[in-house]
K.L.:
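Would you mind keeping the following structure in view while I ask a few things?
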2 protein chains.
Amino acid sequence: MKHPSARPLPDASPDCRPPRRRRKEARPSELTAAALALFVEKGFAATRLEDIAARAGVSKGTLYLYFESKEALFKTVIEEGMVAALAAAEQRLSDFQGSAAELLQQLLFGWWEQIGRTPMAGVTKLIACESSNFPEVAQYYHDRVRSRGRALLRTTLQRGVGSGEFRPVDLETTIDVIMAPLLMLAIARFSPGFCSLGTTPESYLQTHFELLVNGLRRSSGALAKPPTGDRQ
Amino acid sequence: MKHPSARPLPDASPDCRPPRRRRKEARPSELTAAALALFVEKGFAATRLEDIAARAGVSKGTLYLYFESKEALFKTVIEEGMVAALAAAEQRLSDFQGSAAELLQQLLFGWWEQIGRTPMAGVTKLIACESSNFPEVAQYYHDRVRSRGRALLRTTLQRGVGSGEFRPVDLETTIDVIMAPLLMLAIARFSPGFCSLGTTPESYLQTHFELLVNGLRRSSGALAKPPTGDRQ
DNA sequence: TGCGTTAATGACTACAGAGTCAGTAATATA
DNA sequence: TATATTACTGACTCTGTAGTCATTAACGCA
């Protein structure tokens with residue numbers, strides 16, 4: 001039972017509710033962080049704005065001081081995450097020297113350190129799950145983030161093939177195959193039961209890397225053809 | 001402007017609305033098929049029951065004749081999908097003879113033929129996206145579907161390692177790495193822009209298979225250690 | 001200490017969509 | 001053809017939540 005206007009005195013219960021604070025600067029990032037966590041956990045549609053606000057320690061009204069709508073908040077969350085991911089990726093790109101295998105290893109583990117193990121990995125799951133509800137966002141991700149990540153791998157593979165360290169491969173398809181375990185790792189972190197690893201992410205990546213480098217080495221024997229060659 | 005009870009005559013507009021049909025047997029599967037498609041496209045929370053009903057060619061009331069609630073419908077969709085997936089997997093398991101590489105190829109392409117390229121692949125995306133909203137469903141998937149798929153791969157790898165065809169590897173981690181591109185393929189089919197392949201699924205799988213078999217072969221040289229060995 | 005500015009609040013409105021049910025019509029049976 | 005049965009319908013109710021806004025109180029400044 002709740003009194004409509006009970007106890008109008010300012011400090012009704014001594015320290016029940018912490019005092020209101022004015023922190024205009026800090027709110028937006030706190031709100032997007034809370035939103036990212038909840039969107040990733042529950043999905044966009046199933047997440048209540050009041051829960052986001054509560055997690056950020058403000059009321060729902062405050063949220064609307066900083067974001068026009070739920071959708072605008074979502075887009076900001078994704079945008080921020082992508083910017084962070086891009087910055088991380090570009091940084092380690094440019095001036096690395098060493099074998100193609102070493103560069104590949106740098107890329108895989110660097111991705112994990114700077115994106116995979118941070119909250120930014122949640123953006124990956126969000127794109128995967130919500131892309132058909134937000135085509136523009138998906139397009140943006142595809143054009144900017146994904147293509148840049150692919151470019152890094154492409155350069156690496158080309159260097160390896162050019163130097164004879166790797167055998168010739170179909171570049172684009174190989175890139176897809178290399179990225180898949182990374183994307184799955186990002187998704188698995190937020191999908192309990194779906195793909196829980198038996199080991200640590202680090203040894204998972206290491207196994208991926210070893211299989212990969214071994215698989216890319218110049219091989220002697222020919223490989224089998226696909227079993228159903230008559231598929232269109 | 002809509003008349004409250006305009007035109008009570010039976011055939012108001014000639015063939016505007018097709019005649020009502022009674023098809024008790026066919027409804028449930030038609031409804032679950034429609035639900036799967038929409039849940040996969042929009043997610044559980046963002047899908048409206050009226051849209052599902054409309055896609056199945058019935059009214060919302062009819063849906064409630066066959067399913068207790070939206071959640072019950074969701075669980076039936078997943079359950080059905082998993083049963084189908086299991087049946088497909090078990091079938092191809094038992095009496096295959098041949099090299100471990102050939103068996104592995106059978107598993108990858110068989111998965112694609114019977115699950116990956118069918119609507120059942122959508123179940124994979126649903127589990128990935130909704131698992132935290134439906135922990136019991138995720139648990140069931142983990143215990144029954146995923147573990148059985150892993151068992152198939154484990155048997156295959158063990159055979160290859162035992163016969164000396166493959167080098168010794170960490171079984172569980174390798175299984176995770178092998179499955180990741182399959183799961184991504186299933187998810188990518190329903191996530192426009194997220195991971196659209198540059199090639200056909202078949203050549204994607206073939207590249208994955210070739211890298212894999214090559215990577216699993218007995219290798220001569222030692223491989224590099226991970227760059228950040230001091231991680232906890 | 002008092003005053004003006006504005007960050008923050010939470011009760012409120014509007015609406016969408018899950019779930020209901022009295023009524024309708026397709027089919028079986030006589 | 002008349003009657004009984006029941007698959008099906010869609011207008012309705014009710015709940016939950018996105019979005020609003022008049023009010024409150026934190027902070028800067030005189």
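Remember, it's a predicted structure, so these values are computed and weren't measured experimentally.
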K.L.:
Look only at the side chain of A:S191 and the backbone of A:F194, and say whether a donor-acceptor pair between them is shorter than 3.5 Å.
P.N.:
no

K.L.:
Write down the distance between CD (A:E50) and C1' (C:dA8), rounded to a whole number of angstrom.
P.N.:
15 Å

K.L.:
Quick one: the side chain of B:R20 and the base of D:dT9, do they pair up donor-acceptor inside 3.5 Å?
P.N.:
no

K.L.:
Contact class for B:F67 vs. all strands (heavy atom < 4.0 Å): base, sugar-phosphate, or nothing?
P.N.:
nothing

K.L.:
For the pair made of CZ in B:R27 and P in C:dT27, what is the distance, rounded to whole Å?
P.N.:
10 Å

K.L.:
Quick check against the 3.5 Å criterion: does A:R150 have a side-chain atom that pairs as donor or acceptor with the backbone of A:E172?
P.N.:
yes

K.L.:
What is the distance, rounded to the nearest whole Å, between atom OH of A:Y64 and atom P of D:dT17?
P.N.:
13 Å

K.L.:
Nearest whole angstrom, please: distance from the P of D:dC21 to the CG of A:L63.
P.N.:
17 Å

K.L.:
To the nearest Å, how far apart are B:K70 NZ and D:dT15 C1'?
P.N.:
14 Å

K.L.:
Indicate whether OP1 or OP2 belonging to C:dA7 is found under 4.0 Å from a side-chain N or O atom of A:R23.
P.N.:
no

K.L.:
At 4.0 Å (heavy atoms only), tell me whether B:L49 reaches a base, stays on the sugar-phosphate, or touches nothing.
P.N.:
sugar-phosphate

K.L.:
Under the criterion side-chain hydrogen bond (donor to acceptor under 3.5 Å, both in side chains), I'd like the reasoning laid out for A:S29 against A:T32: C-alpha separation, chi angles, the key distance, then a yes or no.
P.N.:
CA-CA 5 Å; A:S29 59; A:T32 51; 5.7 Å; no

K.L.:
Can you give me every donor-acceptor pair (side chain of residues 38-47 of chain B, partner residue at least two apart or in another chain, under 3.5 Å) with its distance?
P.N.:
{"residue": "B:T47", "atom": "OG1", "partner": "B:L38", "partner atom": "O", "Å": "3.2"}
{"residue": "B:T47", "atom": "OG1", "partner": "B:G43", "partner atom": "O", "Å": "2.6"}

K.L.:
Round to a whole Å and report the spacing from CG of B:L65 to P of D:dT9.
P.N.:
9 Å

K.L.:
I want to verify a distance call: between C:dA8, D:dC27, D:dA7, whose nearest atom is closest to the A:T62 side chain?
P.N.:
C:dA8

K.L.:
One thing to verify: whether A:D176 and A:R146 come together as a salt bridge, which I'm taking to mean a side-chain N less than 4.0 angstrom from a carboxylate O.
P.N.:
yes

K.L.:
Please determine whether any donor N or O and acceptor N or O are separated by less than 3.5 Å between the side chain of B:K60 and the base of D:dG10.
P.N.:
no

K.L.:
Nearest-Å distance, CZ (A:R22) to P (C:dT5)?
P.N.:
12 Å

K.L.:
A:L31 CG to C:dA7 C1': how many Å, rounded?
P.N.:
13 Å

K.L.:
For A:Y66 and for B:A45, locate the closest nucleotide of DNA chain C by heavy-atom distance; then report the residue assigned to the nucleotide nearer the 5' terminus.
P.N.:
A:Y66

K.L.:
Would you please confirm or rule out a distance under 4.0 Å between OP1 or OP2 of C:dA26 and any side-chain N or O of B:R21?
P.N.:
no

